[in-house]
Visitor: 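What follows is a structure written as structure tokens; I'll ask about it next.
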Amino acid sequence: MDSIVPCLNLNLYSEPTSSSSTTIPKITPKIEPLDEPPPFLPTTTYISHTHPHLPTHHQTPSVPPPPEPDVSSEFNRISELFRSAFAQRLQKYGDVAILPDADPISGAIVPYSNPETQVSNVVISPRGGRKQDQRSSELVRVTDLKPEDYRSFRGGIRRTRMIFDSLRAFFVAEDEKCRDLLTPQRRLRVDLKVATLMKNQGLWLYRDKRIVGAIPGVSIGDVFFFRMELCVVGLHGQAQAGIDYVPASQSSNGEPIATSIIVSGGYEDDEDAGDVIIYTGHGGQDKHSRQVVHQKLECGNLALERSMHYGIEVRVVRGLKYEGSTAGKVYVYDGLYRVTDTWFDVGKSGFGVYKFKLVRFENQGQMGSVVLKFAESLRTRQLDAWPKGYVTLDMSSKKENVPVFFFNDIDDDHEPLYYEYLNTTRFPLHLYDHGAKGIGCDCVGGCLDICSCANKNGGQFAYDLNGILVRGKQLIFECGPHCQCPPTCRNRVSQKGLSNRLEVFRSQETGWGVRSLDLIQAGSFICEFTGVVLTHEQAQIFTMNGDSLVYPSRFPDRWAEWGDLSQIFADYVRPAYPSIPPLDFAMDVSRMRNVACYMSHSSSPNVIVQLVLFDHNNISFPHLMLFAMENIPPMRELSLDYGIADEWTGKLSICN
DNA sequence: GCAGTATCACACGC
DNA sequence: CGCGTGTGATACTG
């Protein structure tokens with residue numbers, strides 16, 4: 001049963017993929033290029049609902065495609081469409097970057113207009129007057145994205161998700177405040193609130209096209225903490241239902257077409273073997289998720305059947321139990337599957353259920369859910385049962401709270417082990433000369449918003465109660481050794497060191513790299529970038545010796561991108577305070593270093609540098625703390641923007 | 001475990 | 001036939 005059972009029309013769709021690993025199988029005959037562009041040319045298949053040309057099993061690749069425009073121009077049109085959705089935001093970032101340090105107003109943030117106004121602003125789409133809050137019925141497939149196009153789409157996804165996360169943190173903080181004042185109340189469904197707000201602002205992605213197949217910018221293995229996030233990025237449009245589909249009424253031939261499903265174990269008759277899923281149709285359950293009536297072949301069930309009939313690929317998202325998530329669960333995008341079989345069966349309850357066999361397309365890269373489970377299994381594994389390639393299970397020699405792994409299964413290079421592991425940056429001793437005078441707060445019982453350390457941050461803490469960075473700042477003041485507050489104080493986050501199990505690994509492509517064995521939530525602290533601090537003068541001497549130095553001032557101000565809600569709140573200005581002079585020190589990592597300096601460079605990084613001060617008072621010598629800019633699944637390489645001007649695809653040899 | 005909410009499709013009705 | 005509104009279904013979250 002584990003082999004693929006082709007259905008009647010499947011042979012049309014299993015055309016071999018190109019050699020590019022990011023390419024998914026082209027699945028429709030209509031993708032046949034008209035004027036034989038090179039195989040790399042981006043092609044967009046366009047199944048317009050105005051064209052009565054849904055593929056049927058009678059069609060062969062030789063059937064002429066519908067009278068659509070040239071494929072590449074069609075691609076460009078759609079690409080531009082999506083891009084334009086983010087252009088405004090990019091503009092905003094530009095503005096922020098050159099904002100003079102003028103406005104001293106605090107973090108008082110007020111929506112610039114009431115929700116009603118906002119709604120009315122976006123109801124009419126700028127193009128064509130169609131309602132924005134309704135999904136398009138236009139079926140589109142985007143394939144063979146060029147790397148730069150993919151990056152562009154991914155940038156859009158990332159910014160949108162960052163807004164989601166930031167808004168969530170913002171509303172959670174609001175909610176916390178309210179609860180202090182009022183009587184105990186139900187917790188707000190912040191996820192819903194955020195999603196609605198973003199929808200009203202027109203920030204949901206891919207609503208003007210109904211995408212079959214991969215969502216541009218979403219990678220296999222991407223992890224989501226909330227179901228609504230899937231709606232926001234266009235992976236799955238249903239807030240609760242497990243099958244998303246184009247309804248019959250909107251379909252060109254009057255038949256519904258399924259585009260994505262969520263497998264989260266809610267139906268007892270599901271059988272999930274990874275590459276092959278026996279998926280139960282929806283319906284027939286009572287409030288307690290018990291099957292109480294027969295399912296019918298309608299709605300999503302019918303749509304899945306139709307997708308099988310037409311060979312339409314289906315996105316699969318898995319819901320997995322995960323303690324670290326507020327909902328106790330995360331959603332992982334596992335790639336594209338095809339429905340190969342369907343039948344009506346008697347479920348365990350004795351009631352009839354529809355079953356669908358889904359088989360994963362090959363050449364898609366490892367499933368995110370498999371990686372998550374694998375990483376989880378390592379947590380409890382005996383030392384001798386670790387996979388080959390783990391040279392040491394803690395290169396920090398217990399200097400970090402959690403082990404730092406060292407993995408190399410491609411050669412004998414053990415170079416990182418020859419350096420002394422430095423778990424915190426070594427600053428010049430004179431920075432500590434001034435002692436404790438007036439540095440710390442007196443909050444013996446724990447810090448509140450009125451604490452002096454909060455004041456230094458502009459009247460609020462930079463982190464939420466879970467230690468998530470709410471908003472990037474030029475400099476963050478954490479409570480420190482001179483404060484009276486307990487170690488559990490919420491304003492001590494980055495000083496506590498690692499909480500995720502990081503791993504230095506060797507790869508053919510990037511040389512040394514860093515990845516995590518744990519899922520890292522966006523906004524959470526990862527590690528410090530440590531080294532021995534050299535003053536300007538000392539650095540000049542060192543440079544003459546040819547030693548490699550890291551210059552903190554060269555890291556771009558990526559912190560400004562994190563938590564920027566100017567898209568949502570027009571007067572969401574970045575507080576000018578604290579404002580610090582450009583950093584003028586260097587870090588020597590030639591003898592002592594930590595895991596951070598093995599991170600690869602990327603111009604679209606998933607890790608940002610946030611400057612933090614806590615153990616001394618000199619704003620010219622902050623710690624370089626690294627935070628996750630997006631949810632980073634286990635085994636995905638971490639990357640930093642080192643401020644290198646050129647487009648750099650390989651590993652930065654910053655430590656060599 | 002329940003309830004308070006989302007979305008969406010579909011059904012009406014004008 | 002298009003648009004608005006109401007209703008029912010649904011693998012959610014706190």
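Letters A, B, ... are given to chains in the order of the sequence lines, protein chains preceding strands, and every chain is numbered from 1.
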Visitor: Which dot-bracket string fits DNA chain C when only Watson-Crick or G-U wobble pairs with both atom distances under 3.5 Å count, crossing pairs get [ ], and | stands for a partner on a different strand?
Guide: .|||||||||.|||

Visitor: Is any side-chain nitrogen or oxygen of A/Arg227 closer than 4.0 Å to OP1 or OP2 of C/dA11?
Guide: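 No, no such contact exists.
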
Visitor: Can you name the ring-ring contact (aromatic ring centres under 6.0 Å, His included) partners of A/Phe525, sequence neighbours left out?
Guide: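 Testing A/Phe525 for ring-ring contact (aromatic ring centres under 6.0 Å, His included), a comparison that skips the adjacent residues, returns A/Phe627.
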
Visitor: Tell me which pairs pass ring-ring contact (aromatic ring centres under 6.0 Å, His included) where either residue lies in residues 268-295 of chain A, with sequence neighbours left out.
Guide: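 ring-ring contact (aromatic ring centres under 6.0 Å, His included) check on residues 268-295 of chain A returns A/His294-A/Phe351.
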
Visitor: Do A/Gln240 and B/dA6 have a side chain to base donor-acceptor pair shorter than 3.5 Å?
Guide: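 Answer yes: a donor N or O sits under 3.5 Å from an acceptor.
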
Visitor: Between residues 297-305 of chain A and DNA chain C, which residues have a heavy-atom gap below 4.0 Å?
Guide: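 The stretch gives none, as no residue of it lies under 4.0 Å from the strand.
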
Visitor: Given B/dC10, B/dC8, C/dA11, which nucleotide is nearest the side-chain atoms of A/Arg135?
Guide: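 Nearest to the side chain of A/Arg135 among the choices is B/dC8.
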
Visitor: Quickly work out the A/Glu255 CD to B/dC10 P distance and round it to whole Å.
Guide: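 A/Glu255 atom CD is separated from B/dC10 atom P by 13 Å.
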
Visitor: Whole angstrom is fine here: how far is it from CG in A/Asp191 over to P in B/dT5?
Guide: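 Rounded to the whole Å, the gap is 13 Å.
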
Visitor: Enumerate all atom pairs, one protein N or O and one N or O from nucleotides 12-14 of chain B, separated by less than 3.5 Å.
Guide:
none

Visitor: Would you kindly compare A/Val246 and A/Thr196 by the position of their nearest DNA chain B nucleotide and give the one closer to the 5′ end?
Guide: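 The 5'-side residue here is A/Thr196.
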
Visitor: Is the shortest distance from a Lys or Arg side-chain nitrogen in A/Arg135 or A/Asp244 to a carboxylate oxygen in the other one below 4.0 Å?
Guide: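 Looking at A/Asp244 together with A/Arg135, the answer is yes, because their closest N to O distance falls below 4.0 Å.
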
Visitor: Under a 4.0 Å threshold between the charged nitrogen and the carboxylate oxygen, would A/Arg159 count as salt-bridged to A/Glu630?
Guide: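 Answer for the salt bridge query: no.
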
Visitor: Whether the side chain of A/Arg189 and the base of C/dC12 hold a donor-acceptor pair under 3.5 Å is what I'd like checked.
Guide: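 Flag set: donor-acceptor pair detected.
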
Visitor: Side chain of A/Pro247: nearest nucleotide among B/dC10, C/dA11, B/dT7?
Guide: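 Out of B/dC10, C/dA11, B/dT7, the nucleotide with an atom closest to A/Pro247's side chain is B/dC10.
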
Visitor: Please figure out whether A/Asp244 or A/His288 has its closest DNA chain B nucleotide nearer the 5' end.
Guide: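 Of the two residues, A/His288 wins.
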
Visitor: Quick one: is A/Ser249 getting a side-chain N or O under 4.0 Å of the B/dC10 phosphate, OP1 or OP2?
Guide: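 So the side-chain polar atoms of A/Ser249 do come within 4.0 Å of the phosphate oxygens OP1 or OP2 of B/dC10, strictly under.
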
Visitor: Quick one: is the NZ or CZ of A/Arg338 closer than 6.0 Å to the six-membered ring centre of A/Phe361, and within 45° of its axis?
Guide: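 That pair qualifies as a cation-pi contact.
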
Visitor: For residues A/Thr280 and A/Asp270, is any side-chain donor paired with an opposing acceptor at under 3.5 Å?
Guide: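 Present: a donor and an acceptor within the cut-off.
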
Visitor: Whole Å only: how far is the CG atom of A/Asn466 from the C1' atom of C/dG14?
Guide: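 To the nearest whole Å, that distance equals 14 Å.
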
Visitor: Find out whether the Lys NZ or Arg CZ of A/Arg306 is both under 6.0 angstrom from the six-membered ring centre of A/Tyr310 and within 45° of the ring's axis.
Guide: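 The answer is yes, since A/Arg306 meets both limits relative to A/Tyr310.
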
Visitor: Any Lys/Arg nitrogen of A/Asp222 or A/Arg158 sitting under 4.0 Å from an Asp/Glu carboxylate oxygen of the other?
Guide: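 Not counted as a salt bridge, because no side-chain N and carboxylate O are separated by less than 4.0 Å.
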
Visitor: Can you label the angle between the A/Phe225 ring and the A/Tyr322 ring as parallel, tilted or perpendicular, going by 30° and 60°?
Guide: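 A/Phe225 and A/Tyr322: perpendicular rings.
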
Visitor: Within the structure shown, what part of the strands sits under 4.0 Å from A/Arg210 by heavy-atom distance: base, sugar-phosphate, or nothing?
Guide: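 Counting heavy atoms under 4.0 Å across all strands, the contact made by A/Arg210 is with sugar-phosphate only.
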
Visitor: Mind calculating the distance between CD1 (A/Ile243) and P (B/dT7) to the nearest angstrom?
Guide: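 Computing the A/Ile243:CD1 to B/dT7:P distance gives 20 Å.
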
Visitor: Give the rounded distance in Å between these two atoms: CD of A/Gln238 and P of B/dC10.
Guide: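 Roughly 10 Å, once rounded to whole Å.
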
Visitor: Do A/Glu138 and A/Lys209 meet the salt-bridge criterion of a basic N to acidic O distance under 4.0 Å?
Guide: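 A/Glu138 and A/Lys209: salt-bridged.
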
Visitor: So, A/Glu229 and A/Arg161, do they make that salt bridge, N to O below 4.0 Å?
Guide: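 A salt bridge is present here (some side-chain N lies under 4.0 Å from a carboxylate O).
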
Visitor: Does a nitrogen or oxygen in the side chain of A/Arg207 sit under 4.0 Å from OP1 or OP2 of B/dC8?
Guide: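 Affirmative; the distance criterion is met.
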
Visitor: So does A/Ser516 get a backbone contact from the side chain of A/Arg636, meaning a donor-acceptor N/O pair under 3.5 Å?
Guide: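 No; zero donor-acceptor contacts below 3.5 Å.
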
Visitor: How long is the line joining CE of A/Met198 and C1' of B/dA6, in whole Å?
Guide: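 Checked: the CE to C1' distance equals 15 Å.
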
Visitor: For A/Asp518, is there an ion pair with A/Arg379 - N to carboxylate O distance below 4.0 angstrom?
Guide: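 Between A/Asp518 and A/Arg379 there is a salt bridge, with a charged N closer than 4.0 Å to a carboxylate O.
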
Visitor: Let's see if you can work this out: which of C/dT13, C/dA11, B/dC8 has an atom nearest to the side-chain heavy atoms of A/Ser264?
Guide: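 In terms of side-chain proximity for A/Ser264, the closest of C/dT13, C/dA11, B/dC8 is C/dA11.
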
Visitor: What nucleotide among C/dT13, B/dA6, C/dA11 has an atom nearest to a side-chain atom of A/Asp270?
Guide: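 Nearest listed nucleotide: C/dA11.
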
Visitor: Counting side-chain heavy atoms from C-beta on, which of B/dA9, B/dC8, C/dG14 comes nearest to A/Lys199?
Guide: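 Nearest nucleotide to the side chain: B/dC8.
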
Visitor: Take atom OH of A/Tyr279 and atom P of C/dA11, then tell me their distance rounded to the nearest Å.
Guide: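 Atom-to-atom, A/Tyr279 to C/dA11, this comes out as 7 Å.
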
Visitor: Starting from P on B/dT7, measure out to CG on A/Leu192 and report it in whole angstrom.
Guide: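 For the pair A/Leu192 CG and B/dT7 P, the rounded distance is 8 Å.
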
Visitor: Could you tell me whether the side chain of A/Leu519 reaches within less than 4.5 Å of the side chain of A/Gln521, counting heavy atoms only?
Guide: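 Heavy-atom side-chain distance check fails, nothing below 4.5 Å.
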
Visitor: Please list, in numerical order, the residues of residues 317-333 of chain A that have a heavy atom closer than 4.0 Å to any atom of DNA chain C.
Guide: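 Only A/Thr326, A/Ala327, A/Lys329, A/Tyr331 qualify.
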
Visitor: List the steps and the verdict of side-chain hydrogen bond (donor to acceptor under 3.5 Å, both in side chains) for A/Tyr150 and A/Ser219.
Guide: CA-CA 10 Å; A/Tyr150 180 82; A/Ser219 297; 2.3 Å; yes

Visitor: If the threshold is 4.0 Å, N to carboxylate O, is there a salt bridge linking A/Arg318 and A/Asp272?
Guide: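 Yes.
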
Visitor: So what does A/Val263 hit on the nucleic acid, given a heavy-atom distance under 4.0 Å: a base, only sugar-phosphate, or nothing?
Guide: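 A/Val263: base contact, heavy atoms under 4.0 Å.
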
